[in-house]
2 protein chains.
Amino acid sequence: MNIGDVATRSGLPAKTIRYYEDIGLVRPQREANGYRRFREADLHKLNFLGRARSLGFSIEDCRSLLALYEDADRASGDVKRVAERHLSAIDRKLAELDAMRGTLAHLAEACSGDQKPDCPILLDLASAPEG
Amino acid sequence: MNIGDVATRSGLPAKTIRYYEDIGLVRPQREANGYRRFREADLHKLNFLGRARSLGFSIEDCRSLLALYEDADRASGDVKRVAERHLSAIDRKLAELDAMRGTLAHLAEACSGDQKPDCPILLDLASAPEG
DNA sequence: CTTGACCCTCCAGTTGGTGGAACCCCTATC
DNA sequence: GATAGGGGTTCCACCAACTGGAGGGTCAAG
């Protein structure tokens, strides 16, 4: 398979796949003309990467997960640890966004949104930081 | 005030303040010796920026908000529009993270986490993309 | 033989800063 | 006057995870 084929089959842009090769996540072979040659195993890896990235795992997480994926002897506990670490990162992010949302919604609600220049949003933003 | 003073009073690192000057968000004057000289108005702006950034507004959003802040004649509706656009971006992000969290929690729960090599997390990650 | 769809490499830009090097300035102390 | 420290200055490089584009090679069809 050429890069275009794995691109359509994995759903990843060709650019991204080249980038993944650059940073050592996949190692396709090369044809005589310099074109990358991908095998089924490479496609599996790319699918794996696409799915993991879409779940928000970082590239470095993906590298670990891929190593575990390829290690037939790994303990599933190792994978679970990576997943749970990521899960709590997601929870932190969620809490943070939720707090933002609360403040912002409150401010937007208090704002009349008309032609008058008074605006509680700006008033809040302009208030000094606590501490 | 020198940069160190506004840094402590605004809670922003000096490096960040220099960066904000670089991209034109603040324009402190200069002393004869080349030191930046900040006035109260600059400090207000920096507080504004710190608060807006902590609410997740992008730098470009901040630029708009700052322009509105400094425009005595703005309509509060203009500000509200920026805030509401940002609010829906936050909502999208929240939904996305929540979906991730669901999938991941489900997978982690299904994973025994013991010494056996079978791992539903990896199995899921390895499955082909739909479509 | 030309057209057009692929493919290649390399460079630069994105966002919002952060780290560090190399150097200047100011004040206090010896 | 020398020196030590704690400011300040500039500039360059780096982070994640790509993305866009230039400039050019390759291949199959008409």
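Convention: sequence-line order gives letters A, B, ...; per-chain numbering from 1.
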| A:Q29 vs A:R39 side-chain heavy atoms within contact, under 4.5 Å | yes
| said: With a 3.5 Å cut-off and heavy atoms only, can you find an N or O donor on one side and an acceptor on the other between the side chain of B:K15 and the base of C:dG16? | reply: no
| message | Please determine whether a side-chain nitrogen or oxygen atom of A:T16 lies at a distance below 4.0 Å from atom OP1 or OP2 of D:dT19. | response | yes
| said: Would you say A:Y35 ends up clustered with A:L43 if hydrophobic residues are merged whenever their side chains have heavy atoms under 4.5 Å apart, either directly or through other cluster members? | reply: no
| request: Find the distance B:I3:CD1 to D:dG7:P and express it as a whole number of Å. | output: 13 Å
| field | Donor-acceptor contact present, side-chain B:R53 to main-chain B:F57, <3.5 Å | value | yes
| task | Could you tell me the separation between the CZ atom of B:R30 and the P atom of C:dC25, rounded to a whole number of Å? | result | 13 Å
| request: State whether the distance check finds a donor on one side and an acceptor on the other, under 3.5 Å, for side chain A:Y35 versus base D:dG25. | output: yes
| message | Applying a 4.0 Å non-hydrogen cut-off, can you work out what A:Y20 is touching in the nucleic acid: base, sugar-phosphate, or nothing? | response | sugar-phosphate
| CG of A:N2 versus C1' of D:dT26: gap in Å, rounded? | 11 Å
| said: Between A:H86 (side chain only) and A:D61 (backbone N and O only), is there a donor and an acceptor less than 3.5 Å apart? | reply: no
| task | Would you mind classifying the nucleic acid contact of A:R18 as base, sugar-phosphate or nothing, using non-hydrogen atoms under 4.0 angstrom? | result | base
| request: Take the protein atom CG of B:D61 and the nucleotide atom P of C:dT15, then report the distance between them rounded to whole Å. | output: 12 Å
| How long is the line joining CZ of B:R37 and P of D:dT9, in whole Å? | 13 Å
| What is the distance from CD1 of A:I23 to P of D:dA17, rounded to the nearest Å? | 8 Å
| remark: To the nearest angstrom, the CG-C1' distance between A:D5 and D:dC27 comes to 14 Å
| query | So, is A:N33 close to the C:dC7 phosphate, meaning a side-chain N or O under 4.0 Å from OP1 or OP2? | reply | no
| remark: B:E21 CD to C:dG17 P, in whole Å, measures 15 Å
| Side-chain heavy atoms under 4.5 angstrom apart, residues restricted to Ile, Leu, Val, Met, Phe, Trp, Tyr: same cluster for A:V6 and A:I23? | yes
| said: Does D:dT10 have its OP1 or OP2 closer than 4.0 Å to a side-chain nitrogen or oxygen of B:R36? | reply: yes
